[in-house]
Colleague: 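Before anything else, here's the structure in question.
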2 protein chains.
Amino acid sequence: MNRADPIKAISRKTLHEELVERLQSLIIEGNLIPGEKFPEKDLCEKFGVSRTPMREALKVLAADGLIVLEPNRGAWVRKITLEEIEDIFPVLAALEALAGELTCKKITNDEINQIKYYHSKISDSFKNENLSEYFKYNQLIHDGILAATRNEILIFQHKTVASRAQRARFVANMSYERWKQAMDEHKVIMKSLEERDCEALSQVLKQHINNKFVSVKELFLKGEDV
Amino acid sequence: MNRADPIKAISRKTLHEELVERLQSLIIEGNLIPGEKFPEKDLCEKFGVSRTPMREALKVLAADGLIVLEPNRGAWVRKITLEEIEDIFPVLAALEALAGELTCKKITNDEINQIKYYHSKISDSFKNENLSEYFKYNQLIHDGILAATRNEILIFQHKTVASRAQRARFVANMSYERWKQAMDEHKVIMKSLEERDCEALSQVLKQHINNKFVSVKELFLKGEDV
DNA sequence: ATTCTTTATAATGAATTCATTTTGAAATCA
DNA sequence: TGATTTCAAAATGAATTCATTATAAAGAAT
């Protein structure tokens, strides 16, 4: 599949695919409460589908680890524990480090320019203290780096692990200090990318995740909910 | 969940769970031919189940990337390409490297002794040129190292990626030279583990995968089937 | 003969139905 | 009062049924 190919195949979606996506968003964005049981019937009524495609979707989400299915007992959104956070971030850091190495070797100048644009936007949002804009461009930058690795397996695994991290509501919170730190890290990310310094990029991406790890863990211990 | 806990919860399995496991084995062991279509009806008859649980299982396998589902067209075992092999192994190497780091810090003496036992068995199987025994104990050693990381996310992601690698039949083939090289690597793995040298263990596990990568790639290019 | 329609068959998508298990409230007993 | 048992209602597991889409063979047209 050529990335530059402007013609994309028309993707026809089955109900269960649609449901997987919608439910994933609901869970990641925290609209379904962890630990709370949700009966199939209610979900089916909300989405206006029968139980068959809904149950298919639930199996997929369970395989991804977003929900827990107990035979004959039903589905729960998986609770986030400190232990899970401590498991997730080192794996995410390792995947980001690899992404840094690979991206450097594969990224095109056009792609670097695109990310430079996002970087300028993210600087603006920091100056304007616009947090939701920050998250938007942060996501675009990191997705851009991942896509440039040209490694479908890495992209897929990263997405899976990142979505589990995302569920910690704390990921979307930041102290001003952490925000400032993150901006400094982003500067180093951009610099390493432009210089195509693989080692440096790999290291700073890993450090970026590890610093976020520290920040998320602090917020989790303070909040102690989710 | 405590690993040492001798009492395991009785696991009642639903049909679809059973099917996922059985189909996974069939695919990984190469009993279902990549690229070949398999109609639901045939599978249902073979396993003696109705379409409902079978279809649930297929969705899960598709989410794991073992099969491809096209709406209204059915299911295929995903073909392995050179590109996929080249994507898989670097990710696997990164995960193994992380496993090495973590294991060193967490592994108990009992667990090291258990792995030492497997190592003695694997040396025997090399001497006796018993390849299937070699693979058996190789699997046990690597599973033991993963389990000792105590990182459920890492264990899960590693399993997913490793199962995709496993599908390359070539993984289960080895030249005598490669086998000898692998045995040398195993010696270094054991030494690093006993000395709890994190850095060394991480490096040798990564190298172990990268050398396997080279060997698998060669066999793939020679064979050019699957 | 080759290509294009047409149409019957088969396969998949999704809703419904039936069977089994869980759940929780009412009834019973200590 | 509190614990245990019983049983009806609700939820889930799985099979069946119905609807829609793909497939491929037969016939028509060039």
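Below, all heavy atoms of this structure are taken into account, side chains as well, without hydrogens, waters or symmetry copies. Every chain is numbered from 1, with letters handed out A, B, ... down the list of sequences.
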Colleague: Round to the nearest Å and state the distance from A:M54 atom CE to D:dA14 atom P.
Modeller: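 So the CE-P distance, A:M54 to D:dA14, works out to 18 Å.
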
Colleague: Scan side-chain atoms only and decide if A:T108 and A:E111 contain a donor-acceptor pair under the 3.5 Å cut-off.
Modeller: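 Yes, because at least one side-chain N or O of A:T108 sits under 3.5 Å from a partner of the opposite role on A:E111.
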
Colleague: Which of these nucleotides, C:dA14, C:dT12, D:dG13, is closest to any side-chain atom of B:N72?
Modeller: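 That would be C:dT12.
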
Colleague: Does a donor on one side chain sit under 3.5 Å from an acceptor on the other, for B:Q157 and B:T160?
Modeller: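 The answer is no; no qualifying pair exists.
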
Colleague: For D:dA14 and B:T52 - does any side-chain N or O of the residue sit under 4.0 Å from the phosphate oxygens OP1/OP2?
Modeller: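 The answer is no; no side-chain N or O of B:T52 sits under 4.0 Å from OP1 or OP2.
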
Colleague: For D:dT23, does OP1 or OP2 lie under 4.0 Å from any side-chain N or O of B:R73?
Modeller: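 Checking D:dT23 against B:R73, a side-chain N or O does come within under 4.0 Å of OP1 or OP2.
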
Colleague: How many whole angstroms separate atom CG of B:L15 from atom P of D:dT12?
Modeller: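 My rounded result for the distance is 17 Å.
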
Colleague: Rounded to whole Å, please give me the gap between CG in B:L69 and P in C:dA14.
Modeller: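 Spelled out: CG on B:L69 to P on C:dA14 is 12 Å.
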
Colleague: How about A:H208 and A:E96: does a side-chain donor come under 3.5 Å of a side-chain acceptor?
Modeller: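 The answer is no; no qualifying pair exists.
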
Colleague: Kindly point out which of C:dT12, D:dA15, D:dG13 is positioned nearest to the side chain of B:T14?
Modeller: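 Per side-chain heavy atoms of B:T14, the pick is D:dG13.
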
Colleague: Is it the case that B:D110 and B:Q114 place a side-chain donor and acceptor less than 3.5 Å from each other?
Modeller: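 The criterion, which ignores hydrogens and geometry beyond distance, is not satisfied for B:Q114 and B:D110.
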
Colleague: State which of C:dA11, D:dA11, C:dA15 makes the closest approach to the side chain of B:K41.
Modeller: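 My answer, after comparing the listed nucleotides, is C:dA11.
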
Colleague: Would you say B:R51 places a side-chain N or O within less than 4.0 Å of OP1 or OP2 belonging to C:dA11?
Modeller: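 For C:dA11, neither OP1 nor OP2 has a side-chain N or O of B:R51 closer than 4.0 Å.
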
